[in-house]
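Chain identifiers are assigned alphabetically (A, B, ...) following the order of the sequence lines, protein sequences preceding nucleic acid strands; residue numbering begins at 1 within each chain.
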2 protein chains.
Amino acid sequence: MSEQHPIIADLLWRHTAKKYDTSKQIPQADLDILFEAMRLSASSINSQPWRFVVIESDDAKARMNSTFANKFKPNQPHIFDSSLVILFAHNPNYTQKDYAEVVDKGIEDKRTKQENRQSAFNSYMFAELNTDENGDNSAWTKAQTYLALGNTLHTLARLKIDATPMEGIDTELVNEEFKAELDGYQCDVALAIGYKHQEDDYNDKLPKSRRNLTDIMVRV
Amino acid sequence: MSEQHPIIADLLWRHTAKKYDTSKQIPQADLDILFEAMRLSASSINSQPWRFVVIESDDAKARMNSTFANKFKPNQPHIFDSSLVILFAHNPNYTQKDYAEVVDKGIEDKRTKQENRQSAFNSYMFAELNTDENGDNSAWTKAQTYLALGNTLHTLARLKIDATPMEGIDTELVNEEFKAELDGYQCDVALAIGYKHQEDDYNDKLPKSRRNLTDIMVRV
């Protein structure tokens, strides 16, 4: 019953692709929808503490490829085989100045009245609650960025675009190589997207496995 | 163009509800789809380091209501006004024993062969990489749980169920009050779901605001 609902069908369809069809590229129209969906992701106090680096040129792919020199080599083929790779990065030191961009965009978008600009900063308390004495709020901003990743994976499933979320990247080398593009944001996870190889994506043939609902949920 | 795509329409439709219609309850068929979609959420190494406490009885709602004694009172009305509240909790000390449940479920679901049980634990390295000397890997498990939250919010938008993600909860009181149900998991965010009040949900009338794509994304 619920298995046949389009939402469940989409989520059962998605899997972590392990081999891509190198001949296929994602149409720009689909990328436009994807990027807009990523932009529309929800986050605490609308903080949007994320930055996305889209690696699509041969030159950028070569740079990303070079970061696999020391480890996580099983993920290396995805860099050139997939359509493109997106670095998901979070702001490890989100500040009131960062939130000012959100507040002022809210005024521009006519969500917040100019005369309420100061009170709009009251919500920043939520960032402060998650900031340590060194200004580090990376656990909080990383969580928001993974919320965007969850929204992105669901969007990709609806677009029937395959994907490989990769914490298996050399974060030191990636953050060094793309330092300019990341602009102070920290990348802990990358996402390859494209179209799976019809025969050689072994993970597409395996049954999906999840913990039982009774083991993850309690209704009271 | 992309604004008219169903995915974009769903994401523009969703907002953080600020006032619920108390007369409406979510049909069980929709809850079944929602809970199954939550269960199917992706996570690093399929770790699924989450626990969901669904607060739906009058007694449980009264207990949740009591946790607003000291702070975050603007969120208090959602507890009784919405259809139900879900605590999203993460495992702050994810261990090899927790991963064994995932591995053994993979064998049960015929994803992993019994003879490969030992090698299936190799992936646990990703948890270790994110674990400090005290066994704390809460930043990592919290991020996975927010990934599930992102998937949940997208699912709710498709089901046309309104929602209020709330970091604005007294986490100390919530974790104490629901200690038995949380079973060692840490709740930093709750989600009220239901149907918005058609007239009094002020946030439904406000334009959505997000940072410009050019400010969050760089294509290289």
Q: Look only at the side chain of B/R211 and the backbone of A/Q48, and say whether a donor-acceptor pair between them is shorter than 3.5 Å.
A: yes
Q. Is a donor on one side and an acceptor on the other found under 3.5 Å between the side chain of B/R39 and the backbone of A/I216?
A. no
Q.
Among A/L34, A/L159, A/L156, A/L40, which residue satisfies the side chain to side chain contact (heavy atoms under 4.5 Å, CB included) criterion with B/I7?
A. A/L159
(Q) Does any backbone or side-chain atom of A/S57 lie under 4.5 Å from a heavy atom of chain B? Answer side chain, backbone, both or neither. (A) both
Q: Select one option (side chain, backbone, both, neither) describing which atoms of B/L213 are under 4.5 Å from chain A's heavy atoms.
A: both
**Q.** Closest heavy-atom pair and its distance - A/E167, B/N130
**A.** OE1-ND2, 4.2 Å
(Q) Between B/R219 (side chain only) and A/V54 (backbone N and O only), is there a donor and an acceptor less than 3.5 Å apart? (A) no
Q) Which bit of B/P165 is near chain A, if near means a heavy-atom gap under 4.5 Å: side chain, backbone, both or neither? A) neither
Q. Checking B/M166 against chain A: side chain, backbone, both or neither under 4.5 Å from a heavy atom?
A. neither
Q) Quick one: what part of B/E181 sits under 4.5 Å from any heavy atom of chain A, side chain, backbone, both or neither? A) both
Q.
Quick check for you: to the nearest 0.5 Å, what is the distance between A/N151 atom CG and B/L147 atom CG?
A. 10.0 Å
Q.
Can you give me the closest heavy-atom contact between A/R111 and B/P207, atom names plus distance?
A. NH1-O, 3.2 Å
Q) Between B/F35 and chain A, which part of the residue has a heavy atom less than 4.5 Å away: side chain, backbone, both or neither? A) both
Q. Given a strict heavy-atom distance threshold of 4.5 Å, which part of B/F72 is in contact with chain A: side chain, backbone, both, or neither?
A. side chain
Q | Which atoms of B/L129 approach chain A - backbone, side chain, both or neither, heavy atom under 4.5 Å | A | side chain
Q. Taking NZ, NE, NH1 and NH2 as the nitrogens, is one of them in A/D10 or B/R158 under 4.0 Å from a carboxylate oxygen of the other?
A. yes
Q) What's the shortest heavy-atom distance between B/I8 and A/I33, and which atoms? A) CD1-O, 3.6 Å
Q: Search all heavy atoms of A/K105 against all heavy atoms of B/N212 and return the closest pair with its distance.
A: CE-OD1, 3.0 Å
Q. So, for A/N46 and B/S209, which heavy atoms are closest and what is the spacing to 0.1 Å?
A. ND2-O, 3.0 Å
Q. Can you tell me how far CG of A/D109 sits from NZ of B/K208, rounded to the nearest 0.5 angstrom?
A. 11.0 Å
Q. Once you round to the nearest 0.5 Å, how far does CG of B/L12 lie from CD of A/E36?
A. 7.0 Å
Q: Report, as yes or no, whether the 6.0 Å neighbourhood of atom CD on A/E108 holds more than 12 heavy atoms from other residues, nucleotides or ligands.
A: yes
(Q) With rounding to the nearest 0.5 angstrom, report the OG to NE2 distance, B/S41 to A/H154. (A) 9.5 Å
